[in-house]
*Asks:* 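Have a look at this one before I ask anything.
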Amino acid sequence: MIHYRVGGIRVAEDISLDSMRSGGSDGRFNRRAIRVDEAQGRVLAAAARAAIEQVPLAEAGGRRLAQQLLATSDWPPFARAGLDGYAVRAADTAQASPESPAALRVIDTVAAGEPALAAVQPGTAARIMTGAPVPQGADAVVMLEQTAEGMAGDERTALVKAAARPGQNVAPQGEEFRLGSPIAEPGELLRPGHIALLGTFGYADVPVYKRPRVAVFATGSELLPVAAPLAPGLIRDSNSPMVAAMIRQHGGEPLLCGALPDEPEAVREALLGIGAEADMIVTTGGVSVGDYDAMAMLLRGLSPCEPAQQLSGVSQERLLFNRVSMRPGSPTSAAWMGGKLVLALSGNPGACFVGFELFAAPALRAMQGDPSPQHRKWKAVLAREIGKGSPHDRYIRVSLQYGEDGRIYADPLAFGKSSMTASIADAEAIAVIPSGRNGAAAGSIVEAWLLPQ
Ligand code: AMP
Ligand code: MG
């Protein structure tokens, strides 16, 4: 549907757009910066909750649960032997020792998967296997290694060589869960342990939030498809596949739409043309104050949204913000267009990465019901100085290490400029360096927002 332009030839542009580009009277510098948390709040308010679908349990790992699930039985459902040995009455073994073992008549053998039919009476024991139901009357299981087999006349006996505690090696019925107690909450990310629980309680199909479908558009007349050879002045579009990988990391489904030329009308047409195919749109590039920054021009025409405005169901286009008090990526913008959230990230790969993490990632998590969609935040020791100050808080890419002092260190990565790509792969967290005249000294405590690994 959308093509990369090879050669960077621009088509004739419309006069009004030309006039928007000329001089400083076009409003391109009148963008009001809002705080990152406020921008996140506006994005989250516009992030619509995804629909629900049922998926087979074995495919539910990594999805987010759409409703609370309850235990459908006690767990364990019956008192279970924890190991192979003999089910006994603990009182019968109170005096037992290796020198004078307790001799108990063996009345039954219970394998896993079989019911325990005979009750253990005083002076008797039942041979039992791991996972088998503990017979009536028995209150402990003695491990096989602490017993010997004997005969009393023609009767089998168990010689128990150690005193058993009541309850020893028995998992009582309902020890972990009672019938009807909650086992997983809505919005929870289903990890392997949740899958085990859901299997335990018979949930063969699981209600999860649908993966949000996210259309990805790169903008920039200099962009080549990844498979193309380099040509003078052109670069490959690395943002689209990076953003697609990030969408997947956060549970979404990317819809790669290629690169658009730096032409606002073409961009608008493409974004609106995506229609019902996507739940959200991410664009990269063209949000700054350059003469050809198509997204910025496009968004400049939108009326701003009231901060408290509920956008779902609103058909008009609205600007959520077009400047954020942060570095990198202060021109990062967001809008409501075609009835969906549009996040317009910087084209600079480092800024694109940070912008996605700050805004698209929480939005995707919220769409899938995550009750706390913000990043996990740790305090970390800054491993080296951040030299210069900044009027905006800085969100720098760091690796994390344990220091010998047992504290966690955030180490700013080399090649960390917003325009740079080399350090993105090594980023384990984004450290927040507060705005101010000076940067931050090595050893100062910073907030580190953990990235998915
Ligand atoms: P922009 O945000 O359009 O001003 O672009 C900022 C810088 O990022 C420029 O050097 C662009 O060439 C580069 N850039 C823009 N889009 C992409 C992309 N999709 N992949 C890689 N680099 C890009
Ligand atoms: Mg550009």
Side-chain angles (χ1 to χ4, degrees), residues 1-11 13 17-18 20-21 26 28-29 31 33 214-247 254-268 270-271 281-300 321-324 326-335 342-360 392 395 397 415-425 427:
M1 170 178 61
I2 291 137
H3 303 283
Y4 288 85
R5 299 174 74 227
V6 179
I9 308 147
R10 287 179 205 289
V11 295
E13 285 144 3
L17 292 177
D18 267 349
M20 283 167 84
R21 283 174 184 148
D26 55 12
R28 74 172 85 172
F29 299 110
R31 291 161 62 160
V214 187
V216 182
F217 292 93
T219 72
S221 296
E222 75 278 33
L223 299 175
L224 292 168
V226 168
L230 284 178
L234 305 183
I235 59 168
R236 296 191 184 98
D237 166 20
S238 58
N239 285 347
S240 292
M242 175 179 74
V243 165
M246 297 179 87
I247 290 166
L255 187 66
L256 284 179
C257 301
L260 298 167
D262 290 313
E263 293 155 18
E265 279 314 316
V267 173
R268 162 191 285 284
L271 297 193
I281 296 175
V282 173
T283 70
T284 84
V287 283
S288 192
V289 295
D291 287 353
Y292 297 101
D293 280 335
M295 277 308 289
M297 279 185 262
L298 181 60
L299 298 181
R300 221 175 282 150
F321 53 85
N322 62 1
R323 192 165 162 79
V324 186
M326 66 184 220
R327 284 231 167 105
S330 61
T332 300
S333 304
V342 178
L343 285 174
L345 307 176
S346 165
N348 281 313
C352 175
F353 177 80
V354 170
F356 187 99
E357 271 300 329
L358 262 47
F359 304 110
H392 301 301
Y395 293 79
R397 310 190 287 280
F415 300 102
K417 286 188 188 161
S418 70
S419 58
M420 291 176 164
T421 309
S423 64
I424 301 174

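All residue numbers refer to positions in the sequence shown, counting from 1. Whatever order the structure lists them in is the order used to number ligands and atoms, beginning at 1.
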*Asks:* Does the residue Asn348 have a heavy-atom contact with ligand 1, meaning some pair of atoms that are separated by less than 4.0 Å?
*Replies:* yes

*Asks:* Under 4.0 Å, heavy atoms only, figure out whether ligand 1 is touched by the backbone of Glu222, its side chain, both or neither.
*Replies:* side chain

*Asks:* Can you tell me which residue and heavy atom of the protein come closest to atom 13 (C) of ligand 1, and the distance to 0.1 Å?
*Replies:*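 So the nearest neighbour among protein heavy atoms is Gly347 O, 3.7 Å.
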
*Asks:* For atom 21 (C) of ligand 1, which protein heavy atom lies nearest, and how many Å away is it?
*Replies:* Ser238 OG, 3.4 Å

*Asks:* I need the atoms of ligand 1 closer than 4.0 Å to a non-hydrogen atom of Ala218, numbered in the order shown.
*Replies:*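 The list of qualifying atoms is 19 (N).
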
*Asks:* Do Glu357 and Arg397 touch side chain to side chain, with heavy atoms closer than 4.5 Å?
*Replies:*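 Side-chain contact under 4.5 Å: no.
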
*Asks:* Using the side-chain contact (heavy atoms from CB on, under 4.5 Å) definition, which of the options Val354, Thr284, Thr421 pairs with Pro349?
*Replies:*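 The side-chain contact (heavy atoms from CB on, under 4.5 Å) with Pro349 is passed solely by Thr421 among Val354, Thr284, Thr421.
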
*Asks:* Is Ser288 touching ligand 1 with its side chain, its backbone, both, or neither, if touching means heavy atoms under 4.0 Å apart?
*Replies:* neither

*Asks:* With heavy-atom distances below 4.0 Å as the criterion, list the atoms of ligand 1 near Gly286.
*Replies:*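 The list of qualifying atoms is 1 (P), 2 (O), 3 (O).
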
*Asks:* Can you find a pair of side-chain heavy atoms, one from Cys352 and one from Val243, that are under 4.5 Å apart?
*Replies:*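 Yes, their side chains come closer than 4.5 Å.
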
*Asks:* Would you call Arg28 and Asp291 a side-chain contact if the rule is heavy atoms closer than 4.5 Å?
*Replies:* yes

*Asks:* Heavy atoms only: which of Val243, Asn239, Leu224 is nearest to atom 18 (C) of ligand 1?
*Replies:*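 Ranked by closest heavy atom to atom 18 (C) of ligand 1, first place is Asn239.
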
*Asks:* About how many Å separate CZ of Arg300 and CZ of Arg31, when rounded to the nearest 0.5 Å?
*Replies:*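 With rounding to 0.5 Å, CZ (Arg31) is 7.0 Å from CZ (Arg300).
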
*Asks:* Residues in side-chain hydrogen bond (donor to acceptor under 3.5 Å, both in side chains) with Ser418, at least two apart?
*Replies:*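 With neighbours one apart ignored, the set is empty.
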
*Asks:* Quick one: are Val267 and Phe217 in side-chain contact, heavy atoms under 4.5 Å?
*Replies:* no

*Asks:* How about Glu222 and Asp262: do any of their side-chain heavy atoms sit closer than 4.5 Å?
*Replies:*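 Yes, their side chains come closer than 4.5 Å.
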
*Asks:* Report the part of Thr284 in contact with ligand 1, treating N, CA, C, O as backbone and CB onward as side chain, heavy atoms under 4.0 Å; options are side chain, backbone, both, neither.
*Replies:* side chain

*Asks:* Minimum distance, heavy atoms only, to atom 19 (N) of ligand 1: which one of Thr421, Val289, Asp237 is it?
*Replies:*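 Comparing heavy atoms across Thr421, Val289, Asp237, the nearest one to atom 19 (N) of ligand 1 lies in Asp237.
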
*Asks:* To check your reading of the model: name the closest protein heavy atom to atom 22 (N) of ligand 1, its residue, and the distance in Å.
*Replies:*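 So the nearest neighbour among protein heavy atoms is Ile235 CD1, 3.4 Å.
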
*Asks:* Does ligand 1 have an atom under 4.0 Å from some heavy atom of Arg236?
*Replies:*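 Under 4.0 Å: yes for Arg236.
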
*Asks:* Quick one: does Gly220 get within less than 4.0 Å of ligand 1, heavy atoms only?
*Replies:* no

*Asks:* Below 4.5 Å, heavy atoms only, C-beta onward: do Met295 and Leu271 meet side chain to side chain?
*Replies:*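 In short, these two side chains touch, coming nearer than 4.5 Å.
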
*Asks:* For atom 4 (O) of ligand 1, what is the nearest protein heavy atom, given as residue, atom name and distance?
*Replies:* Asp293 OD1, 3.9 Å

